[in-house]
Amino acid sequence: MPAPTITLNDGNVMPQLGLGVWQSPPDITAEVVRTAIAAGYRSIDTAAIYRNEAAVGEGVRASGVAREELFVTTKLWNDEQGYDAALRGFEASLKRLGMDYVDLYLIHWPAPGQGRYLETWRALLRLREDGRARSVGVSNFMPEHLRRIVGETGEAPALNQVELHPRFQQTDLRAEHASLGVATESWSPLGQGTLLEDPAVRQVAEKHGKTAAQAIIRWHLDQGLIVIPKSVNETRIRANFEVFDFALDEDDLRAFAGLDSPTGRIGPDPVSFG
Ligand code: A2P
């Protein structure tokens, strides 16, 4: 069964479930990507800083699935912020991927200390105009960063990819996204694996005859989030895609709601990072 899709604010359509390849070693990533596409995934999320864009491109080409049926995301690293630097960074990514366009290009972090995310955003808008990036968006932006780029350019990002999992549900940020028409994409959706032993999650999973990872991925889908769990293991890659044959009920949602914590962040704080 194909993944459900989300229609972005630019009219483009994106699979709601994709494969994340952060921490997927470059030497095995081509095979990981090929395996995921064979399992039904049509969306792959990489970044310049992951050092595996070339392998992603290789895996896509080895999959035998037409490029236009796939949705490829990559991201601009912090040291390439600025208008001209971003255009150059994009070309380098495209070259490594061996592609003539990406479906989605993101500013990886706002890096507010650098003070360049607005001009970087203008460069991404130019790439969208040129058709080299079909959609453009941001990652790890906080409400103040979003409001600034929208206020200055009148253009809202297609999505904001942020750390989001049951222990860090980002409720306020999601409300801001809803008011701006920005989709939300969850990185580290499984809490980098740390949530898989949580007793409340396990209880929900067992009730449905599913694994903890499947229950969490289902939770993201039910919240309307775009989700990109990472795995390099074929069995887990396949299992993470077997989430379209069950639904969470009110009790399950209450159990998940109870996991949210103000100290649940695992990754860097966007205010000070980059
Ligand atoms: P592996 O790649 O060996 O499968 P997140 O997407 O939240 O960052 O979580 C990724 C982590 O969770 C990785 O360590 C990954 O390891 C692990 N993982 C992914 N899917 C599963 C699964 N179905 N069961 C157990 N661990 C998983």
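Positions are given from 1 along the sequence. We count ligands from 1, going down the list as the structure has it; atoms in each ligand are counted the same way.
In this structure the side chain of Arg42 never reaches within 4.5 angstrom of the side chain of Val72, judged on heavy atoms. Using a 4.5 Å cut-off on side-chain heavy atoms (C-beta onward), Trp121 and Ile107 make contact.
Remark: side-chain polar atoms of Glu206 are not paired, donor with acceptor, to backbone N or O of Gln203 under 3.5 angstrom. Formation of a donor-acceptor pair under 3.5 Å by the Arg202 side chain with backbone atoms of Glu197 is not found in this model. Looking only at distances, no side-chain donor or acceptor of Asp45 sits under 3.5 Å from a matching main-chain atom of Thr74. A donor-acceptor pair under 3.5 Å is formed between the side chain of Asp252 and the backbone N or O of Asp249.
Every atom of ligand 1 with a heavy atom of Ser188 under 4.0 Å away is listed here by number and element: 5 (P), 7 (O), 8 (O). Applying the 4.0 Å criterion to heavy atoms of Ala213 picks out, from ligand 1, the atoms 22 (C), 23 (N). Taking every heavy atom of Gly193 and a limit of under 4.0 angstrom, the matching atoms of ligand 1 come to 9 (O), 11 (C), 12 (O). Proximity to Pro229 (heavy-atom distance under 4.0 Å) selects the following atoms of ligand 1: 6 (O). The Gln192 neighbourhood of ligand 1 comprises atoms 5 (P), 7 (O), 8 (O), 9 (O), 11 (C), with distances under 4.0 Å to a heavy atom of that residue.
Judged by a 6.0 Å distance limit and a 45° cone about the ring axis, Arg116 is not positioned over the six-membered ring of Tyr83. A cation-pi arrangement is present between Arg134 and Tyr101, with the terminal nitrogen or guanidinium carbon under 6.0 Å from the aromatic centre and inside a 45° cone about the axis.
Counting heavy atoms under 4.0 Å from ligand 1, residue Pro189 touches it through both backbone and side chain. With a heavy-atom cut-off of 4.0 Å, Asn240 touches ligand 1 through its side chain alone.
Taking only nitrogen or oxygen atoms, main chain and side chain alike, Lys230 reaches within less than 3.5 Å of ligand 1. By the 3.5 Å distance cut-off applied to N or O atoms, Ile228 is not counted among the residues near ligand 1.
The protein atom (non-hydrogen) at minimum distance from atom 3 (O) of ligand 1 is Arg236 NH2, 2.8 Å. Annotation: atom 26 (N) of ligand 1 to nearest protein heavy atom, Leu196 CD1, 3.3 Å.
The closest approach between any non-hydrogen atom of Gly20 and ligand 1 is not below 4.0 Å.
The nearest non-hydrogen atom to atom 7 (O) of ligand 1, considering only Leu190, Ile237, Ile266, Thr235, comes from Leu190.
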Walk me through it: do Thr46 and Asn52 pass the test side-chain hydrogen bond (donor to acceptor under 3.5 Å, both in side chains)? CA-CA 7 Å; Thr46 184; Asn52 56 20; 2.7 Å; yes
